[in-house]
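Each chain gets a letter, A, B and so on, in the order its sequence line appears, and its residues count up from 1.
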Amino acid sequence: MKKSIADLMKIRDEALKNMQLRDQSESNCRVVVGMGTCGISAGARPVLRAIIDEINKRSLNNVQVVQTGCVGMCRFEPMFDVNINDEKVTYVNMTSEKARQVVVEHIVNKRVIRDYTIGKSENE
Amino acid sequence: MRDISMHVLDIAMNSIKANATVIKIMIIESDETIRLIIKDNGCGMDKETLNSVVDPFFTTRKTRNVGLGIPLLYQNVKRTSGKFNITSSLKLGTAIEAIFNRKHIDCIPLGDINETIISLILLEPLIDFIYTRKNSFKKYVLNTKKIKRVLNGVKINEKEVIDWLKADLLNFSMAF
């Protein structure tokens, strides 16, 4: 355990150095993951982890990930919203693979993946 | 819910909603049982609410009239002829205790509890989590309050810190 804490201190010092280098622009992108009972039992946890992992991998510092409860559309879970500049897109029936695609296509490349959105699923 | 770790995430979400600032999660294993305790210092519940939490047709939500989190846990515990207990007092917080009979054929597995703990820390970095895992040989405690003290302003949900937490959790769960 002692050695482990020493490692943590090293990480802290490293992070403090990086923090000054990082650009401090305000976050303009918010991802809201449904984490109610329905979401969790449908597999929201791996989806959430995939989103955060992909964001970290690409150092997307201005993306904020938050949770919300059940929004009443349990049959579409796992689902999450991507809000960029107050424009909301809801992605439904997510898996960790699909979630990674959404991060890359929507958040990085700014192209909505229509096939995964709620509008598409509802018409089927 | 496929495993106990999912229930832990779900029940902890209730604590978050109750504006808890400290959430204690304990998993105590023996040969016969898995004991799960989740305790928070959130807003708590009054007697009437407390008596109806295991009823699936009770919920605090105004929009719908079902709430399944606690009923599902209750059901999974009772299926193993285990014990379920919930206590709460207004403004002080709530505690849930669930004892699964692990020898029972219907007992769901523990699941990836480390992932649940990491997910909670990622989602709510400002809340303090005290996670204890214990069996008759070993005890592991992760207290985010202590870790934040070491971090001295660096966020606990920074990628590198999360990687460290993951390694630390994994290191100890190998011994279980």
Side-chain angles (χ1 to χ4, degrees), chain A residues 1-20 22 24 30-61 63-74 77-78 80 96, chain B residues 1-3 5-14 16-17 56 59-61 63-64 66-73 111-112 115-116 118-125 140-142 146-169 171-172:
Chain A
M1 193 65 193
K2 274 233 172 73
K3 182 180 176 290
S4 189
I5 289 290
D7 287 343
L8 185 62
M9 286 169 163
K10 236 183 270 166
I11 290 165
R12 174 196 63 196
D13 296 340
E14 223 23 62
L16 280 171
K17 253 188 271 164
N18 291 339
M19 249 154 60
Q20 282 139 11
R22 195 177 297 168
Q24 302 285 339
R30 237 166 98 93
V31 180
V32 186
V33 187
M35 296 285 282
T37 303
C38 50
I40 291 170
S41 62
R45 193 181 70 187
V47 169
L48 168 84
R49 298 286 282 119
I51 295 169
I52 293 177
D53 186 55
E54 207 59 39
I55 287 170
N56 284 340
K57 225 192 270 173
R58 290 162 197 283
S59 309
L60 307 173
N61 297 320
V63 183
Q64 199 190 2
V65 182
V66 293
Q67 54 93 7
T68 185
C70 171
V71 290
M73 296 183 281
C74 311
E77 296 282 359
F80 61 82
S96 27
Chain B
M1 295 287 167
R2 283 182 211 98
D3 55 50
S5 75
M6 293 289 188
H7 277 300
V8 174
L9 183 57
D10 188 36
I11 301 296
M13 281 294 160
N14 295 345
I16 291 166
K17 206 164 251 164
T59 179
T60 53
R61 279 190 307 236
T63 46
R64 262 152 291 122
V66 284
L68 291 176
I70 292 172
L72 282 176
L73 174 61
D112 197 340
E115 269 296 299
T116 287
I118 294 283
S119 300
L120 284 168
I121 295 171
L122 281 168
L123 280 173
E124 301 294 336
Y140 171 72
V141 183
L142 178 77
K146 280 188 185 162
I147 288 166
K148 281 172 195 167
R149 220 172 290 145
V150 176
L151 285 173
N152 193 16
V154 172
K155 285 192 201 131
I156 195 160
N157 56 352
E158 288 284 338
K159 182 183 172 296
E160 289 76 13
V161 180
I162 290 294
D163 286 343
W164 177 87
L165 283 169
K166 238 166 43 183
D168 200 56
L169 281 164
N171 227 336
F172 275 84

K.L.:
Side chain, backbone, both or neither: which part of Asp112(B) has an atom under 4.5 Å from a heavy atom of chain A?
P.N.:
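When you check distances to chain A, atoms from both the backbone and side chain of Asp112(B) fall under 4.5 Å.
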K.L.:
Chain A heavy atoms under 4.5 Å from Met6(B): which part of the residue, side chain, backbone, both or neither?
P.N.:
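Both parts, backbone and side chain.
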K.L.:
For the residue pair Leu123(B) and Val66(A), what are the closest heavy atoms and their distance?
P.N.:
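Between these two residues, the closest heavy atoms are CD2-C, 4.1 Å.
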K.L.:
Under the 3.5 angstrom rule, does the side chain of Trp164(B) hit a backbone N or O of Ser4(A) as a donor-acceptor pair?
P.N.:
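Checked: pair present.
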K.L.:
To the nearest 0.5 Å, what is the distance between CD on Glu124(B) and CD on Gln67(A)?
P.N.:
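Going from CD on Glu124(B) over to CD on Gln67(A), the span is 5.0 Å.
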K.L.:
If you look at every heavy atom in Ser119(B) and Leu48(A), which pair is closest and at what distance?
P.N.:
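Here Ser119(B) and Leu48(A) meet closest at CB-CD2, 3.9 Å.
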K.L.:
Supply the atom-to-atom distance Leu68(B) CG to Thr37(A) OG1, rounded to the nearest 0.5 angstrom.
P.N.:
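Rounded to the nearest 0.5 Å, the CG-OG1 separation comes to 6.5 Å.
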K.L.:
What is the distance from atom CZ of Arg2(B) to atom CD1 of Ile40(A), rounded to the nearest 0.5 Å?
P.N.:
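Reported to 0.5 Å precision, the distance equals 12.0 Å.
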K.L.:
Where does Leu165(B) contact chain A at under 4.5 Å (heavy atoms): side chain, backbone, both or neither?
P.N.:
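Interface part for Leu165(B): neither.
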K.L.:
Which pair of heavy atoms, one from Arg12(A) and one from Val150(B), lies closest together, and at what distance?
P.N.:
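Result for this residue pair: NH1-O, 2.7 Å.
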K.L.:
So, taking the atom named OG in Ser41(A) and the one named CG in Asp3(B), what distance separates them when rounded to the nearest 0.5 Å?
P.N.:
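Taking OG in Ser41(A) and CG in Asp3(B), the distance rounds to 11.5 Å.
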K.L.:
Against chain A, label Leu72(B) side chain, backbone, both or neither, depending on which of its atoms sit under 4.5 Å from a heavy atom there.
P.N.:
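Looking at Leu72(B), just its side chain touches chain A.
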K.L.:
How many angstroms lie between atom CG of Leu120(B) and atom CZ of Arg45(A), to the nearest 0.5 angstrom?
P.N.:
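One finds 9.5 Å between CG of Leu120(B) and CZ of Arg45(A).
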K.L.:
When rounded to the nearest 0.5 angstrom, what distance separates CD1 in Ile11(A) from CG in Leu151(B)?
P.N.:
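These two atoms lie 8.5 Å from each other.
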K.L.:
Just wondering, are more than 12 heavy atoms of other shown residues or ligands nearer than 6.0 Å to CZ in Arg49(A)?
P.N.:
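Yes, the 6.0 Å shell around CZ holds more than 12 heavy atoms from other groups.
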K.L.:
How about Lys146(B): does its NZ atom have over 12 heavy atoms from other parts shown lying under 6.0 Å from it?
P.N.:
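For Lys146(B), atom NZ is not crowded (no more than 12 foreign heavy atoms under 6.0 Å).
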K.L.:
Please identify, among Ile147(B), Asn152(B), Thr116(B), the residue contributing the most non-hydrogen atom pairs under 4.5 Å to chain A.
P.N.:
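With the most close heavy-atom pairs to chain A, the winner is Thr116(B).
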K.L.:
Set out, in order, the CA-CA distance, both residues' side-chain angles and the distance that settles side chain to side chain contact (heavy atoms under 4.5 Å, CB included) for Val65(A) and Leu122(B), then state yes or no.
P.N.:
CA-CA 9 Å; Val65(A) 182; Leu122(B) 281 168; over 6 Å; no
